[in-house]
Structures are given as structure tokens and as C-alpha cells.
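Heads up, the thing below is written out as C-alpha cells.
All figures in this text were calculated on a predicted structure; none of them were measured in a lab. The chains referred to below are lettered A, B, ... by the order of the sequence lines, with proteins before strands, and numbering in each begins at 1.
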Number of protein chains: 2
Amino acid sequence: MDNAEPKSPQRRRTPGRASVTIRDVARHAGVSVATVSRALRGSDLVHPATRERVDAAIEALRFTPSQLGRSLAERRHAANGIVFPDLSGPFYAEVVLGYEEVAATLGRSVLILSTHNRDSADEMVLELAGRVDGLAVFGRTVHDDVVAEVVQRGVPVVLMARTEIEGADSVRTENVVAAASVVDHLLEHGHRRMAFLGDPVDSTDVAERWAGFRGALAQAGAEVPEQAIPAGFKEDDGARVAADLVAGGLPDVVVCANDELALGLTVALAEQGIEVPGDVALTGWDDVMAARYAGLTTVRQPMREMGARAARMLDARISGDRSEPRHDVLTTQLVVRSSCGPHP
Amino acid sequence: MDNAEPKSPQRRRTPGRASVTIRDVARHAGVSVATVSRALRGSDLVHPATRERVDAAIEALRFTPSQLGRSLAERRHAANGIVFPDLSGPFYAEVVLGYEEVAATLGRSVLILSTHNRDSADEMVLELAGRVDGLAVFGRTVHDDVVAEVVQRGVPVVLMARTEIEGADSVRTENVVAAASVVDHLLEHGHRRMAFLGDPVDSTDVAERWAGFRGALAQAGAEVPEQAIPAGFKEDDGARVAADLVAGGLPDVVVCANDELALGLTVALAEQGIEVPGDVALTGWDDVMAARYAGLTTVRQPMREMGARAARMLDARISGDRSEPRHDVLTTQLVVRSSCGPHP
DNA sequence: CCGGTTTATGTAACCGGTACCAAAGGAGCG
DNA sequence: CGCTCCTTTGGTACCGGTTACATAAACCGG
């Protein structure tokens, strides 16, 4: 009965605490590990009396099954990953929230990775891919070939707000029509000379907004600017262009690629004595909380829904859905406030 | 050489893709798994020529070591968890960001869990605890006994913005002094009748702010309200109390437990024709982005630093630090804007 | 009272790595 | 030339679960 005392190289034990394993439980309950495992998973056929003994042992030993051992045996992580550039915007948080909520409901943990423009981002993503059953990637955070590599390894990927990639699902929000509706609204205000602030090269979303913007202007026979004014996504980036904008002669309105740009620009302009919307009108994009209080006209995107949908798409893939990749487009909504000027 | 053909029950293969393992690499390179493992970990002493063969095999087979197998063998997850109530505030996102940034630098992945007031939160936390090397818990998201249970299992825990628990480190921000400085500032404005909006029972932070608020009023010989006006943390909660506040006779100022409350209240009051700061002054707490644009006087907390510090504390514990639990308190900063009235 | 099921449990081979221990082969030295 | 010592490498027992397969016990109608 009490075997293996002499031969065994005496359980190597790490400095850390000795965690109690399924075999300890089995011994304590006087059954085999198989039985404990079965009792653990509730399901199968275990005699009530036996189950009781096992439960008692589990209780007595305060046993918790190791997720690691379980995952290895089941060959699934029961976890999803999500990659985004930087949580700092008030914006990504919503996406993550929607994602997490659905994933949790589906019994999957969520691993987050923020790339912060780190050089090592690519490796970090690959590493992450090895820890999850599926991965959501937001925007231009990761190089195409890295995403392709992940897909190629068989890990389902959903892209969010990003150009499509062979073999991966995607969710994004509508941009072209929304940008056109912004422009149309501004035209109704009587604004004619419009500038666009944001770098179309930097993001698919911005590129589409820029395209929609130009298209609508052209269609209306209004003047179409040659180029967008390049800028990042932060308030600082908006503030930085204020001087140039003034020096170059103010347009009637500046359509900004996101709210933070518009807000930063508003403040910087005010410092130069230029009023919004009196001297120049502005619009943003995203409808962050601050936009409400700043009276910023903007476009609302269903960020939380986007995260939620990504999580559901991944779940379907992980569960074996082999159908053609889907590419969902969520509709957006123009939110008119005061920054575009008094209603005509 | 080519053994085990007849006896082996022929590798059970799951429906999924057959991932390439370290043994495949070993076979391909004509070496043992031990050698591959050594080559993999870079370190050890492997003959350059051998290493080259192994690398070639890895390349050829597009092998990626399984994090699962590795974690199981190393008995570490290389991952930390963080639990918070709800990401939706513009506020928690910062904490998570700081946490993630440091954790990533230290080579740990981050698992997030948002409890959303779900009933199953406790089990979810316990489950999470089984997947990580350390856990950060924000606020009153989890019952004390659940946290204790996690600690008892030997998983290091750091509490954020929460009352201390035996055996766990904690980080929080200073509240009492800050609340007093808010009150002092308001007294300088000449405000005397002050109300406090927020539920002290709901959160340790709020309780401390309420205490600091009362203390400062008492010290100044001003009228001390019997009770705080209970409210949650959302804009809606702020809006909801507007009517009662007006009906009960407006105080000189309402000190709110967070910015969202103050902002929601501002809007609701405006709808009733009551101006801030003309008819009533307001202050918030957190200094979210919207507070800047709404001109809200508030208290800034170093949220990102809080997350970062929690991650560092956990790292120390995981690395074997057995010293007494630390309880860090981060200093906060009064940010004066227009909502408290014109300067005297 | 017996062969045939059905139910309950045990045995052991995985999952995919890590690392201890031993052995092989080469170099250096008296 | 024999003998240590050191560098490389291989064999294998883990880590902590799951589960296919075998086995034993209990049940059943004829």
C-alpha cells in the first residue's frame, strides 16, 4: 500500500508552497484520480456515496484544481486575448469592456495587451497568441504579417477597426457615410471652406473618414482640400496645429478625426482669442464623455457593441465555425451639438 | 531505434490541428528533447553546431513552444490578474493601463476581470486566482472572505482603493487631507453651507472623503451636515438628486464624491434654471477629462501610478519578498477651476 | 443459478514542456 | 598511455490534470 518510499527520487519540491493536487484528494478519499476528476466535472456517473467522500476530501484539503493542468489536458486555454494600442483614450476602455463582458459570460478569461508603440509589440502579440484560444486586434497596433502568422498558427483572429486580412473576421464602424453626413450637416450651416485634421495614413478609420469627407464635398460642388492636416489622436496633437491653422487663414470649419483632437484644438484656439463656433466651427468623432460637456458635435460609435461582437465572433470560431470570414460594419450616428455653429 | 510502433495506442489526436511539439523538433533535428529545450531557453551550454540544427528544425516546423506546457513545468503562470467593478468610468481605464504597462515590462501578461455586480463574481475571482501568479483587486468588488481565501491559497494580492486585509499589500490615494483642502478652499470662497454627495458606505474612498469633509468643517466651526446624500458614481445618480436638492433648499456648495456625479448634477440643475457656480458651487473628484472641459474644480488622483505601483508590489511578492505587507498612500492634488465660484 | 448488461472504479497513457542525473567523448596532464 | 575533468547530450521523471480502456461489481430476466 504505502509504496514508492525508497526508489522515488523524493518529490522535488520547489521553495514555494506545496499545492494540493488531485492525487492528494484521491488518496485522502480512498479513490482513484479518475474518480476524483469525474466527481470534479460533475457530469459523469459517480456513485453518490463516493461523490460525497470526494467532496469531503476536497473540502478538507481545500483543493482547487489547477487551471494549468486542466488546460493542458483539455488543450484549450479558456481565455481570449485583446490587443490595442493604448488604453488611455476614454474610448478603448469601452471596447475592452464590451469584449470582457461577453467573454466572461462565455466562460473565457480575457488577457489584455497594450502595445504602446513598443518595438517588441510583435513578439508580445505572438507570445499572447500562444496563451489564448482566440485573439482580437484593434487598429494598426500590429503588423499585417504578424497577424497573418497568428492566423496561420490556427488561432482565430478578429480585427477591429482595421483593414481586413485574409482568413480573419473583422468588425468596424461605418465611416464614409458618417463623414459625408457630417459634411452635409456643415453645408446646411452654410460652411464652405472645410479642413480635415487627422492622418489618413495612420489609421484605416481616419482614411475612410477623409475619403467620405472629400467625397461629400466634391458631390456638393464645394472646395475639396488637397490634403488632410496630419495629426495624432491626442489633445496635444490638436493644440499643436492651432498656430499653423490661424497663420494659414482659418477655414469655416475643421473636421477632426477624433474628439480629443477637436477638444485640444478648441482650447489652443481660445488661447489665441479665437472662438468656437463663432470664428471657426469644429467637429469631432467618437462622442467621448468630455464631448458632451464641451458641446462638441461629433459622431457616436457603438464601441461597446464592437467589443461584444468581436468576442462573439471569436467564440463561434473557437467553437469550430469554419464558414467564410465575416466582416461586420456597425452603424454610427451624428450627434449635433453647439460646436458646429447655431442652427440656420 | 524506431520503437513503440505496435504497442502504443496510437497518439490520440483531437479534431483540431496537430500542433508541433518539442518532440517533433527533436526528431527533426536528430537530438533529444532535452537539447531542444536547452537551445530554446538560450542559456545553457549547447554546442553551436547543434544549436544551429535545432534552430533550423524550429524554423522548418514553425514551432512555437506551448506556454501551457512551459507554465506547468515551471510552476508559474507569468501572468497577473486585475479585478475591478466596471471599466466604464473614464477612471479605471487609467489604473488598468498603468498596471498593464508595468506588468508587461516585467514579462507578465495581464488578465482582467470586471465584476459588473454579477452574483458569480466571487467564483470568478477564485477562478481567476487559479490562473495567475498575483492578483490586484480594486475597491469593493469582492467580498473580504474571498480575498482572504485567495491570500490563504498563497496567491499574492494587492488591494487598490480598499480597506486593508490581513496579509495583503495595498495602495490607495490620500482622501482625508484632500477633502479637507477642498473644504478649506471653499471656505475661502466664503461658502458656508456645504452638502456632500456620495455614499460613504459604498466605498472606502468615499467614507474617507466624507470624514475629511466633516472634520474640516468642524475645525472651521462651520455647520456640519448630519448625513451625506447617498448616490452611486454615475452621471445619472447625480442627476437624480437634483430635484431633492432644490426642494430641500440649496446649500452654498455640493462636494461630490466623484466627477461624474458632479457633472450629471450640473446638467440636471441647469435644466431647472440653476447655474453653477452662480447659484450653487460644485466640486468633483478624480479629474477626468470631461472635468477639464466642464470647468469642474476637483481632486486629481494618480491613477496610472496606482496601477503601476500595484504591479510592482505584486512582482516583489511573487519574486519571494516575505516582508511585512506595505500600505502605500499616494498623494492627491486639488485642481481649482471655475465650478467653485469666482476667486474672492 | 447463469450469461448478459449496466454501472462504478481503477490503471495508465496522454497534453507539452523542464531539469536532474548519468553517460559519452575529448582535452589536458603527469 | 592512463586518468581525471569538463563539455555535450540523452533518458526520463516530473508539473497536474483528463479520459480511453479494462475490470469488477451489481442487476435482471429466463
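- Taking the six-membered ring for Trp and thresholds of 30 and 60 degrees, A:Phe91 and A:Phe138 have ring planes more than 60 degrees apart, a perpendicular arrangement.
- Distance, A:Arg41 CZ to C:dT9 C1': 17 Å, rounded to whole Å.
- Distance from the side chain of B:Val31 is smallest to D:dG10 among D:dG17, D:dG10, D:dT19.
- Using a 4.0 Å heavy-atom criterion, one finds that B:Gly130 contacts no nucleic acid atom at all.
- Between A:Arg27 atom CZ and C:dT11 atom P there is a gap of 13 Å when expressed in whole angstrom units.
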(request) Walk me through it: do A:Ser170 and A:His327 pass the test side-chain hydrogen bond (donor to acceptor under 3.5 Å, both in side chains)? (result) CA-CA 5 Å; A:Ser170 70; A:His327 301 289; 2.7 Å; yes
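- Of the side-chain N and O atoms in B:Ser32, one or more sit less than 4.0 angstrom from OP1 or OP2 of D:dG10.
- Of the candidates D:dT18, C:dG17, C:dT18, C:dG17 carries the atom nearest the B:Thr21 side chain, counting heavy atoms from C-beta on.
- Rounded to whole angstrom, the span from the CZ atom of A:Arg23 across to the C1' atom of C:dT11 amounts to 11 Å.
- For D:dG10, the OP1/OP2 oxygens have a side-chain nitrogen or oxygen of B:Thr35 closer than 4.0 Å.
- There is no side-chain donor-acceptor pair under 3.5 Å between B:Arg172 and B:Thr204.
- At C:dG17, none of the side-chain N or O atoms of B:Ser71 fall inside 4.0 Å of OP1 or OP2 (strictly under the cut-off).
- The listed nucleotides are C:dG16, C:dG17, D:dT18; the one nearest the side chain of B:Ser19 is C:dG16.
- Scanning atom types as modelled, no donor and acceptor separated by under 3.5 angstrom connect the side chain of A:Arg70 and the base of D:dG16.
- Contact annotation for B:Val33: base contact, defined as any heavy-atom pair under 4.0 Å involving a base atom.
- Taking atom CD of B:Glu74 as the reference point, atom P of D:dC15 lies 15 Å away to the nearest angstrom.
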(request) With salt bridge (charged side-chain N to carboxylate O under 4.0 Å, His left out) as the test, would you mind laying out the steps for A:Arg312 and A:Asp315 before giving the verdict? (result) CA-CA 5 Å; A:Arg312 274 188 226 104; A:Asp315 185 62; over 6 Å; no
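- Whole-Å rounding puts the B:Ile22 CD1 to D:dA13 P distance at 17 Å.
- When each of C:dT9, D:dT18, C:dG16 is scored by its nearest atom to the side-chain atoms of B:Ser66, the top-ranked nucleotide is C:dG16.
- Look at NE2 on B:His77: it is 18 Å from P on C:dG17, rounded to the nearest Å.
- Taking 4.5 Å as the limit, some side-chain heavy atom of A:Arg108 sits within range of a side-chain heavy atom of A:Ile318.
- Distance CG (B:Leu72) to P (D:dC14): 14 Å, rounded to an integer number of Å.
- B:Val36 comes within 4.0 angstrom of no nucleic acid atom, judged by non-hydrogen atoms across all strands.
- Looking at the side chain of B:His47, the nearest of the listed nucleotides C:dA19, D:dT9, C:dT18 is D:dT9.
- Between A:Glu127 atom CD and C:dG17 atom P there is a gap of 13 Å when expressed in whole angstrom units.
- When each of D:dT8, D:dT19, C:dT18 is scored by its nearest atom to the side-chain atoms of A:Ser37, the top-ranked nucleotide is D:dT19.
- The closest donor-acceptor contact from the side chain of B:Tyr99 to the backbone of B:Gly81 lies under 3.5 Å.
- Side-chain atoms of A:Arg75 stay outside donor-acceptor range of the base of D:dG17, with no qualifying N/O pair under 3.5 Å.
- Distance from the side chain of A:Arg38 is smallest to D:dA20 among D:dT7, D:dA20, D:dT18.
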